Structures are given as C-alpha cells and as structure tokens.
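Reviewing the structure listed below.
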Amino acid sequence: MKKWVKGVVPAVVIGSVLAGCSGGDDSGGGSTENIDQEIVVNAMSEPPDLNPALATDTTSGWILDHVFEGLYTKDEEGNPVLGAASEVEQSEDGTTYTFTIREDATWSDGTPVTAQDFEYAWKNVLNPDTGSSFAFYMYYIKGAEAYNKGEGSVEDVGVTAEDDRTFVVELDAPLGYFDELLTMWTFYPVKQETAKENANWAGEADTYVSNGPFTLETWSHDSEVIIEKNEEYWDQEVVTLDKITYEMVNDATTYYQMFKTDELDLIQTVPTDVIDQERDSEEYMETPYFGTYMYMYNVEEEPFTNEKVRRAFTMAVDRELLTENVTKAGETPAYAFVPEGAETPSGDFRETGGDYFEENNDEAKALLEEGMEEEGWDELPEVELLYNTSENHKKVAETVQEMYSQNLGVDIKLSNQEWNTYLDTTKQGNFQMARMGWIGVLVDPVVILDYYLGDSPNNRTNWVNEEYDQLIADAKVEQDPEARYELLHEAESVLMEDLPFNPIYHYTNTYMTSQDFENIVYPVNRYPYLKWAEKTAE
Amino acid sequence: MYIVKRLLTMLVTIWVIASLTFLIMKIIPGDPFASDADVLPEEVLENVRAKYNLDEPIPVQYLMYMRDLATFDLGISIQSETRDVNGIIADGAPASALLGTQALVIALVFGLLLGIIAALNHNKFLDYLSMFIAIIGISIPSFILAPLLIKYFAVDWGLLPVASWGTWEHSILPSFALAATPLAVIARFMRSSMLEVMNQNYIKTADAKGLPVTKLVISHGIRNAILPVVSFIGPLFVFLITGTFVIEKIFAIPGIGRYFVDSIFNRDYPVIMGTTIFFSSILVVTLFLIDLSYRFIDPRIKLTSGGE
C-alpha cells in the first residue's frame, strides 16, 4: 500500500504582455473583446481514454483536467482548492471527510451534480469488473482495496452519499495530502444516469457529459478533439477561452512547422535539432519535469555486484557535457534521485537534499581498481549497456560509452531492444546496466523514492535494503511534515550510498507558445493548464 | 463454378492468415499492460486481463476470437478501452482510402504518361528526362520527400497547409508524397513494356499498313503494354489505400496506417488481429477482382478452374 503526503505543485505562470511582438494584425490597445478566444494546441496522439475511471496517461489527463472538475481542483499556483465541493469538514481523528457539493455545480447538460454521482463514479473505479488500472489510488479509502481485489463487498466501501449534496468519505488512516490526491482525474464525478444508460458514454462527443470549465464538442478520432467553454460551469467567469482544439500531430518536425505557420499556438517537446536556433526566442521555454533519466545496475550481475564498481561507473559520466551537447533541452544533471519541484516547509526537496556525489575521473579509476581487487578480477567482466530502441536513447548511450572509454578506460558494448520486449527483458533481470526513466504522477519525493523499494514491481535492480524500506514506511505514516521530509532525505542518502542505479539527468519539458496568449499555467508533471488562458492579440 | 471455388479459397486464405497472426502475436514477448509506470497490483492486472479474456489458456482465447470473428466482431482495443476495433477501422479507413486513391490516380496518370513518352522517344532527351524523374522518385524515400514538400509548399511559399486533415487542400501534399515511388515504378515498368511491344512484328505490320500513329500507339501499343502494369496495380492499390505509417505520421492524417505498426509496439492484440484481417481481406478481394478484369482487358485470357 502506498501513501503519499501532500506535495504542492509549483507552477510557472507566464503572464508576459507582448501584444504585437508576434507580427501579423495587432489589435493594439490591449482590448481583447474582438479577438476570437480560441487556441490550437498539440495533443500529439489520440487520447486513449476520456473516461476518468479508465484513463492512465497524460494525454487523456490533459483533456480530462479541462472538461472535468473534482471535489478539489488546482488554483493558478498549483495549490489544491475546493472545486465541485463548496465546503468540507474533517472529523477529529482525521479519517472522515464530509463534503458539501456546490449548490451551483452543474453537468454540461444542465442537471445538478449530486453526491450520488460521486459515489457512483468512485465505486465504479473500484469495481473489479471495471478493470481500472488506477483503482489503487483509492486504496486509502476504507474497504476500497478489499472490494477492488474481489475480497470485500461494495457496501463496505467508505464512500456514501447521505443526500444529494452531502458526500462522506471514510479513510483507513488520516492522509496529509488527501486534497492533492483528489485533484487526480480518477476521482472525478461521472453522471450516473448517463453512464448507466450507455456504458460507452465516454467514447464519443455526442454522449459525453462533464462538469468542468470546458465541454467536449468534437472528437474526430486520430485527428482532433475540440472542447468549448462550458456555460453551465459554476465558475465560468474566470474562463476566457471559448474553444480549445487539440490536434494530434505526432511528428516533431511537422508540429514545429505547424507552429511556425501559426497552425498551432502551443507545442511541447520541441524537436532537438531546432532548440539551438529557438533558444533565445520569446516563444521558447523550458520547465522542469518531475522525473529522472537513469541507468539501472543489476546488482546480481558482475561487475555491478560490487558497490565500488557501481560508484566508479556513476562518477565517470560527464553529465554537464551530455545535457548541454547531446540532449540539449535544458535538462538538469542528476546527482541524486528526486528531481527538483517538490516543495517542503524548508524549501525545495532537492535543494535541501543537495548532491550526493561528484564526477571525478581519477577517483573513479581508483575505485574501479579497488573494486576489482576486492572481487579478485584481473580483468573487468565485459559490460553491456541495454536501452530501448530510440534515436535519443541511442545518442545518450553512445556518449556514455565514449565517456567510459576515455574517463575510465573501459570499453562497454551497447545493445537495444524494442520497448515491450525491453520491459520483459529487464523485468526478468537479463541485463547488467539498463536505461530507465521515472516520472512522478504526484509531485512528492516519495512517489519517486518508491521506485527502489524492495517489493516494488519497478525495482529491477535486485537491490533490496531493509533500512531504505523502513525509512520510507516510516515516512508514509509520519504526520509532521518536517520529520517526514527528514526521513525521506535519509532514505535517499541510503539509496545514494549503495547506488543501485546511475542517475543521468532530471527531465525538462520544452514548449513554444504563441505570444498572443497570457495566463497559461505550466505544472511540473502535467501539460499546460488553459483554464485561465486568454488571447490578447491576433 | 470458378467463382465459387475462388470465394472458398479466399475464405480459407483469410482464416490461415488470421490463425498464423494469432500464433505469432502470442509468441512475441511483452505484455499489453506493461509500461514504465509498473505500479499495478497483481489483483488489478488480473481484473484487466479478464476483461480481454487474456486469463484463459491460449487455445481457448483462439476459439473465442474465431467465434467473434465469424460474427465480424473484432473486439475492443486494449490501448483505447472505449473504442472497438471495428470502430477504429471504420474511422480510419476512409481517410486512408481517399489518400490512397488520390495517390494511385496521380501515380497512374503521370507514371503511364512518363513511361509512354519515354518509350516513344527511346534514347532521346525526353526518354532521359522521364527516367531521371523516375529515378528521383524511386531513390528519395517518402520520409525525406514529405518534409521537403512541407518546407517548400507550406512553410516557404504558404500555398498549402503543413499538416492535419479536414479540407481537400490538406490531402494534396500527402497524396503527392505517397504517389512518388509508385509513380516512378509505374513509369519504368510502362517504358520497358511499351518498348517491347512496339518492337513486335504486328506493330511493324500495322505501321506498314499505314495505320495512323495515334491509333497504333493507343489501340495496339498501350493496350498490350499495360497488361503487366495492371497485375502490379492490384497489390499496389491495396498497399496505398490501407494507409502508410510514414506519410500518415508526418502529415498527421487520421488513417489506419499507424495502427498496423503501433498496435504491434503496444501489443494491442485485438488491433493487431483486426488490422491484419482487414488488410488481408482487401488484398484477397482485390486480387480476385484483378483476375476478373483481365478477361475484359485481354480477351485471350479465359477464366477456367484447373485444366478444363
């Protein structure tokens, strides 16, 4: 069972007023009344699922976050604030929440959002027949885990609609970041009547009913999704955009050119080959992304059975050179596991934690020799670096190969496999050193650190450390935030002492945004949020 | 009798293809529910697997699939849980088919024209020019040609939209990009076929009899020279209308081309099966229609089964 404590999502709000800079017709005086409030963005691919109970990916989540609203939603700074609920009361022991659904909370078809809709939606997620992949996010609720695993009954789930507007949630234990968790799409309401009538209501725009700032107007599969301002939304005064079009352009060169010809107003993941020429442009920006790119060591495969060898391989990578000249998207060199972005009472978790090692080729060579001596190897066992087939991973792997050859005097082999095969291979532990990336669904260090728990299905390194597992378990029940983050820092230092992996860099997102728009919010683990966006020039 | 026999053979062919695909698909390693975010408890995975009958033994899965297939139910996509495979094909096929048809028309019109011009001007300037164009068409891969077309026609000259789908203008660049290679192949095919025919004795005879050149070329030359091209158009047509991964990706076209490739990467079993069966059915039917059409193009061919 996983527990995460509240982490605030720091967001970058871009409010630069640069009307007229982008050329074309300039509206001049700052009046936005005559400007069509429309934006065209790039979802890159078809959203796999627009049913909140089933969606598991960021593309679907991007659209869902705009058309739905949970009991809590995010404000412009990324803090959770009440959304579809107007009031909340917490019991003294902290385990029971009583929400009052907003009087003016309305579905896009004009009918009121009720507590029963929430009860239905949540129980539907937990229903084993639904087969929801994200059901485990609800396991903090009383009886939820048992019901979802087929061991308990639906009546025992601690989710009750007492009347149309009173919704009661009972938890197993108090949860510090429950409000943050409730902003996730898995917890969105679903209109009971619609879903019961048509199980596939979320498959087409015609039958789609939602309660957020926007509503789904058109869904042309593999082509575009259009959402329009929801006139029934209770807080619709803050919404300026009338229409958001999500195009589905997957090819990087194509969407970049569509941006250049004004067919798209906002693109993410700018193609690497144009970053150099766009870096100084007003339209270009880099934001940190809450994830880490790394090479896992298999601690049961020679030579990575030896801690000193692992450390030597970790120290011999020049991360600055790699991020500046190869990956180029402003990635931060990683000297720890948890990326920046997680706010704690004493500052950003990464800043208070600091770096855990330094790159040093001489020391790395010395460590390698010591390690080989300890193991009694005259020659280092041959090392193969495995990555999943992709141009970018190949570039990084080739650079690292060259660095090992120069800095460590070790020649390693490279090998790659197609993604699904690769996941199978690494899961079975058939590797010495293998690439992996990990991105936090929620912005909290524990979401990242969970990755290397002894019993985590993600931990493919065979590294198990009881002290580490215990520290994280302690952190999960610790109610005092200061003490909790302290435990997490300790856990990270245990991990970085043993080094079952080689952190390379922390991810970034790169964007190009038309300067005609203001008030777009860029969260660290989601795509841009457009609820408050406004077009100020044409 | 011939037609009935052919129809039965077609059904068997599709069944064999479906069975082989099913088998191969189950052999490739990987799991449709695997991802880097490997956080699902085993119990939840079991629920999801059960939804797609993946908890049954493989022979049972096979029988269940064949039973559904018999009623033309291709199942639900694993990747997009709200969409069934029939729907995915129905949504994507029209765009791919439109694009493919336009590309085929372009390839045929210009390809045949180039081939004929080249053959009639054998070893002269026009021959070299036509073949130069054809060689460029063959040697530039579509993933290079498409961005070049976008760069000039859309970005630099602003004549056409860069990509996406909707209006007729959106389909022009991808149609030409898609047509380039088949156009070149058709031109070369037609040229050599035409050269051969024009050297035949009956052409010389007709020429000696004083038949006008246009009539000679059209009703004796082209009519005979086009036969090898026709046999080649069938499979080409099927490949063009069932979508192409590269062109559809570059131009962001909502076709089904990408599903052939992506479904395999995602191990989206129902979509792998659905697209394969869709493709093979169209191929088998088209080949059958081509065979029938020979009868009209070339009266020397009679449709008989076996040695009758």
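Please read these numbers as outputs of a predicted model, since none were measured by experiment. In the text below, chain A, chain B and the rest are named by the order of the sequence lines, each starting its count at 1.
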> Where does B:Lys249 contact chain A at under 4.5 Å (heavy atoms): side chain, backbone, both or neither?
Replying inline: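 Contact with chain A is through both the backbone and side chain of B:Lys249.
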
> Given that the side chain runs from C-beta out, which part of B:Ala154 has a heavy atom under 4.5 Å from chain A: side chain, backbone, both or neither?
Replying inline: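 For B:Ala154, the backbone is the part near chain A, not the side chain.
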
Side-chain donor/acceptor pairs under 3.5 Å, residues 253-260 of chain B, sequence neighbours excluded:
from, atom 1, to, atom 2, distance (Å)
B:Arg258, NE, A:Asp222, OD1, 3.4
B:Arg258, NH1, B:Asp262, OD2, 2.8
B:Arg258, NH2, A:Asp222, OD1, 2.6
B:Tyr259, OH, A:Asp222, OD1, 3.1
B:Tyr259, OH, A:Asp222, OD2, 2.8
B:Tyr259, OH, B:Arg83, NH1, 3.2

> Is it true that atom OH of B:Tyr52 has more than 12 heavy atoms of other residues, nucleotides or ligands lying nearer than 6.0 Å?
Replying inline: yes

>> Is it the case that atom CH2 in B:Trp157 sees more than 12 heavy atoms from other parts of the structure closer than 6.0 Å?
In response: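 Yes, because the 6.0 Å sphere around CH2 of B:Trp157 holds more than 12 heavy atoms from other groups.
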
Roughly how far, to the nearest 0.5 Å, is the [atom2] atom of [Y] from the [atom1] atom of [X]?
{"X": "B:Ile150", "Y": "A:Tyr256", "atom1": "CD1", "atom2": "OH", "result": "13.5 Å"}
{"X": "A:Glu224", "Y": "B:Ser164", "atom1": "CD", "atom2": "OG", "result": "7.0 Å"}
{"X": "A:Asp57", "Y": "B:Gln79", "atom1": "CG", "atom2": "CD", "result": "8.0 Å"}

> Who wins among A:Pro48, A:Ser223, A:Ser45 for the most heavy-atom pairs under 4.5 Å with chain B?
Replying inline: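 Of the candidates given, the most pairs with chain B belong to A:Pro48.
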
>> Out of A:Leu50, A:Asp49, A:Val249, return the one with the most heavy atom pairs under 4.5 angstrom to chain B.
In response: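 Top count of heavy-atom pairs under 4.5 Å with chain B: A:Asp49.
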
> Within the distance-only criterion (no hydrogens, no angle test), does the side chain of A:Thr254 pair as donor or acceptor with the backbone N or O of B:Phe251 below 3.5 angstrom?
Replying inline: no

>> Would the distance check show the side chain of A:Gln257 and the main-chain N or O of B:Val162 forming a donor-acceptor pair, the cut-off being under 3.5 Å?
In response: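 Side chain of A:Gln257 to backbone of B:Val162: no pair is present.
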
> Would you say the side chain of B:Arg267 lies within less than 4.5 Å of the side chain of A:Thr421, judging by non-hydrogen atoms?
Replying inline: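 Contact flag for A:Thr421/B:Arg267 side chains = yes.
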
> Quick one: of B:Ile88, B:Asp91, B:Ile250, B:Asp84, who has the most non-hydrogen atom pairs under 4.5 Å with chain A?
Replying inline: B:Ile250

> With respect to chain A, which residue among B:Ser77, B:Pro161, B:Pro147, B:Gly166 yields the maximal number of heavy-atom pairs within a distance under 4.5 Å?
Replying inline: B:Pro161

Structural part of [X] lying under 4.5 Å from a heavy atom of chain B:
{"X": "A:Met258", "answer": "both"}
{"X": "A:Asn148", "answer": "both"}
{"X": "A:Asp251", "answer": "both"}

> Looking only at heavy atoms, which of residues 124-131 of chain A get nearer than 4.5 Å to chain B?
Replying inline: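 Answer by number: A:Pro128, A:Asp129, A:Thr130, A:Gly131.
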
